[in-house]
Amino acid sequence: MTESTDPGTGVSPEDRKIITLARSARARNGVPEGAAVRDETGRTYVAGTVGLDSLKLSALRTAVAMAVASGATSLEAAAVVTAEETVPDEDRAAVRDLGGPATPVLVAGPDGTLRVTVTAG
(Lines give C-alpha, C1' and ligand atoms only; values in the text may rest on other atoms or scores of the structure.)
Protein backbone atom coordinates (compact mmCIF):
# COMPACT_ATOMS: atom_id res chain seq x y z
CA MET A 1 0.00 0.00 0.00
CA THR A 2 1.35 3.43 -0.94
CA GLU A 3 1.02 6.25 1.54
CA SER A 4 -0.43 9.40 0.00
CA THR A 5 0.90 12.88 0.55
CA ASP A 6 -0.88 16.16 0.99
CA PRO A 7 -0.71 17.81 -2.44
CA GLY A 8 -0.33 21.23 -0.82
CA THR A 9 2.69 20.29 1.30
CA GLY A 10 3.98 17.02 -0.12
CA VAL A 11 4.04 15.59 3.41
CA SER A 12 2.44 12.24 4.26
CA PRO A 13 0.04 12.03 7.21
CA GLU A 14 2.58 9.96 9.20
CA ASP A 15 5.34 12.49 8.56
CA ARG A 16 3.00 15.37 9.42
CA LYS A 17 2.32 13.59 12.72
CA ILE A 18 5.98 13.47 13.77
CA ILE A 19 6.47 17.11 12.76
CA THR A 20 3.46 18.07 14.90
CA LEU A 21 4.76 16.04 17.84
CA ALA A 22 8.20 17.65 17.54
CA ARG A 23 6.66 21.11 17.38
CA SER A 24 4.56 20.39 20.46
CA ALA A 25 7.59 19.21 22.45
CA ARG A 26 9.49 22.38 21.53
CA ALA A 27 6.63 24.66 22.54
CA ARG A 28 5.60 22.76 25.67
CA ASN A 29 9.12 22.65 27.09
CA GLY A 30 10.25 26.07 25.88
CA VAL A 31 13.41 24.62 24.34
CA PRO A 32 15.26 25.53 21.13
CA GLU A 33 14.36 22.28 19.36
CA GLY A 34 11.77 19.55 19.41
CA ALA A 35 12.18 16.21 17.65
CA ALA A 36 10.32 13.00 17.00
CA VAL A 37 11.34 9.72 15.43
CA ARG A 38 9.23 6.83 14.14
CA ASP A 39 10.55 3.30 14.53
CA GLU A 40 10.08 0.19 12.41
CA THR A 41 6.79 -0.66 14.13
CA GLY A 42 5.32 2.84 13.85
CA ARG A 43 5.97 3.82 17.47
CA THR A 44 7.03 7.42 17.99
CA TYR A 45 9.50 8.92 20.45
CA VAL A 46 9.38 12.64 21.19
CA ALA A 47 11.98 14.82 22.89
CA GLY A 48 13.18 18.35 23.41
CA THR A 49 16.66 19.78 23.75
CA VAL A 50 18.46 18.72 26.95
CA GLY A 51 20.49 21.55 28.44
CA LEU A 52 21.78 20.46 31.85
CA ASP A 53 25.14 21.63 33.15
CA SER A 54 26.41 18.05 33.00
CA LEU A 55 24.50 16.85 29.91
CA LYS A 56 23.80 18.63 26.64
CA LEU A 57 21.90 16.82 23.88
CA SER A 58 20.02 18.01 20.85
CA ALA A 59 16.36 17.10 20.63
CA LEU A 60 17.01 14.70 17.76
CA ARG A 61 19.80 12.81 19.54
CA THR A 62 17.58 12.60 22.64
CA ALA A 63 14.68 11.17 20.60
CA VAL A 64 17.00 8.59 19.00
CA ALA A 65 18.33 7.63 22.45
CA MET A 66 14.76 7.20 23.72
CA ALA A 67 13.97 4.91 20.78
CA VAL A 68 17.07 2.79 21.42
CA ALA A 69 16.36 2.62 25.15
CA SER A 70 12.83 1.42 24.35
CA GLY A 71 14.03 -1.41 22.11
CA ALA A 72 13.69 0.07 18.63
CA THR A 73 15.92 -1.65 16.11
CA SER A 74 15.39 0.70 13.16
CA LEU A 75 13.93 4.08 12.25
CA GLU A 76 11.56 4.91 9.42
CA ALA A 77 11.80 8.69 9.73
CA ALA A 78 12.86 11.56 11.96
CA ALA A 79 11.68 15.14 12.31
CA VAL A 80 13.15 18.17 14.02
CA VAL A 81 11.52 21.54 14.58
CA THR A 82 14.11 24.26 14.89
CA ALA A 83 14.93 27.85 14.03
CA GLU A 84 18.08 26.55 12.31
CA GLU A 85 18.11 25.86 8.57
CA THR A 86 19.34 22.28 8.87
CA VAL A 87 20.52 19.73 11.43
CA PRO A 88 24.14 19.16 12.50
CA ASP A 89 26.09 16.19 11.20
CA GLU A 90 26.11 14.68 14.72
CA ASP A 91 22.30 14.55 14.72
CA ARG A 92 22.17 12.95 11.29
CA ALA A 93 24.79 10.42 12.45
CA ALA A 94 22.57 9.34 15.36
CA VAL A 95 19.67 8.78 12.97
CA ARG A 96 21.96 6.94 10.55
CA ASP A 97 23.28 4.65 13.33
CA LEU A 98 19.78 3.34 14.01
CA GLY A 99 17.94 3.89 10.74
CA GLY A 100 20.58 3.72 8.03
CA PRO A 101 21.83 6.33 5.58
CA ALA A 102 18.58 6.61 3.60
CA THR A 103 16.42 7.49 6.63
CA PRO A 104 14.67 10.81 5.94
CA VAL A 105 15.16 13.66 8.40
CA LEU A 106 12.41 16.27 8.07
CA VAL A 107 13.52 19.75 9.10
CA ALA A 108 10.67 22.12 9.94
CA GLY A 109 10.56 25.69 11.17
CA PRO A 110 9.03 26.74 14.49
CA ASP A 111 5.64 27.12 12.77
CA GLY A 112 5.76 23.47 11.67
CA THR A 113 6.32 24.23 7.99
CA LEU A 114 8.60 21.68 6.37
CA ARG A 115 11.74 23.42 5.12
CA VAL A 116 13.78 20.54 3.78
CA THR A 117 14.09 16.78 3.93
CA VAL A 118 17.63 15.43 4.15
CA THR A 119 18.84 11.89 4.53
CA ALA A 120 20.74 10.61 7.52
CA GLY A 121 23.58 9.53 5.22
Side-chain angles (χ1 to χ4, degrees):
M1 184 165 103
T2 303
E3 190 173 359
S4 64
T5 59
D6 178 333
T9 64
V11 179
S12 72
E14 287 299 309
D15 288 347
R16 172 59 46 207
K17 176 183 171 184
I18 62 172
I19 290 171
T20 300
L21 289 169
R23 183 175 182 223
S24 296
R26 181 180 185 267
R28 179 179 57 248
N29 298 322
V31 292
E33 297 177 339
V37 297
R38 183 174 62 244
D39 75 7
E40 73 280 0
T41 66
R43 292 179 297 182
T44 56
Y45 306 88
V46 182
T49 308
V50 174
L52 301 174
D53 289 340
S54 63
L55 180 64
K56 304 218 183 288
L57 290 172
S58 71
L60 190 50
R61 282 183 273 166
T62 304
V64 170
M66 291 173 66
V68 170
S70 297
T73 59
S74 182
L75 293 179
E76 291 182 349
V80 62
V81 173
T82 179
E84 302 299 320
E85 293 299 316
T86 189
V87 293
D89 290 341
E90 299 86 12
D91 287 10
R92 290 178 41 236
V95 173
R96 182 175 58 246
D97 285 348
L98 187 57
T103 305
V105 179
L106 308 149
V107 183
D111 65 353
T113 300
L114 180 65
R115 287 189 185 137
V116 66
T117 301
V118 298
T119 62

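Quick note: numbers below take in every heavy atom, side chains included, and nothing from hydrogens, waters or symmetry partners.
The side-chain contact (heavy atoms from CB on, under 4.5 Å) test applied to Thr41 returns Asp39, Arg43, not counting sequence neighbours. Under the rule for a side-chain contact (heavy atoms from CB on, under 4.5 Å), the partners of Ser74 that lie at least two apart in sequence or sit in another chain are Glu40. Remark: Val50 engages Leu52, Leu55, Leu57, Thr62 in a side-chain contact (heavy atoms from CB on, under 4.5 Å) (not counting sequence neighbours). Residues that satisfy the side-chain contact (heavy atoms from CB on, under 4.5 Å) test with Ala108, not counting sequence neighbours, are Ile19, Val81.
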Only pairs under 3.5 Å count here: list side-chain donor-acceptor contacts from residues 25-35, not counting sequence neighbours, and write none if there are none.
from: Arg26; atom 1: NE; to: Pro32; atom 2: O; distance (Å): 2.9
from: Asn29; atom 1: ND2; to: Ala25; atom 2: O; distance (Å): 3.2

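Contacts classified as salt bridge (charged side-chain N to carboxylate O under 4.0 Å, His left out) and involving residues 73-89 (residues at least two apart or in different chains) are given here: Arg38-Glu76, Asp89-Arg92. Annotation: side chain to side chain donor-acceptor pair (under 3.5 Å) contacts involving residues 96-112, sequence neighbours excluded, comprise Asp111-Thr113. For residues 54-64, the pairs satisfying salt bridge (charged side-chain N to carboxylate O under 4.0 Å, His left out) are Arg61-Asp91, with sequence neighbours left out.
Atom CG of Leu106 and atom OG1 of Thr117 lie 4.5 Å apart (nearest 0.5 Å). Summarising the geometry, atom CG belonging to Leu98 is positioned 7.0 Å from atom OG1 belonging to Thr73; distances are rounded to the nearest 0.5 Å.
Taking both residues in full, the closest heavy atoms of Ala120 and Gly100 are given as CB-O, 3.5 Å, listed atom of the first, atom of the second, then distance.
Alongside Val46, the hydrophobic cluster contains Leu21 (criterion: ILVMFWY side chains under 4.5 Å).
Val107 places none of its side-chain heavy atoms less than 4.5 Å from the side chain of Leu114.
Each of Arg23, Lys17, Arg16 was compared with Thr20 under the side chain to side chain contact (heavy atoms under 4.5 Å, CB included) criterion, and only Arg16 meets it.
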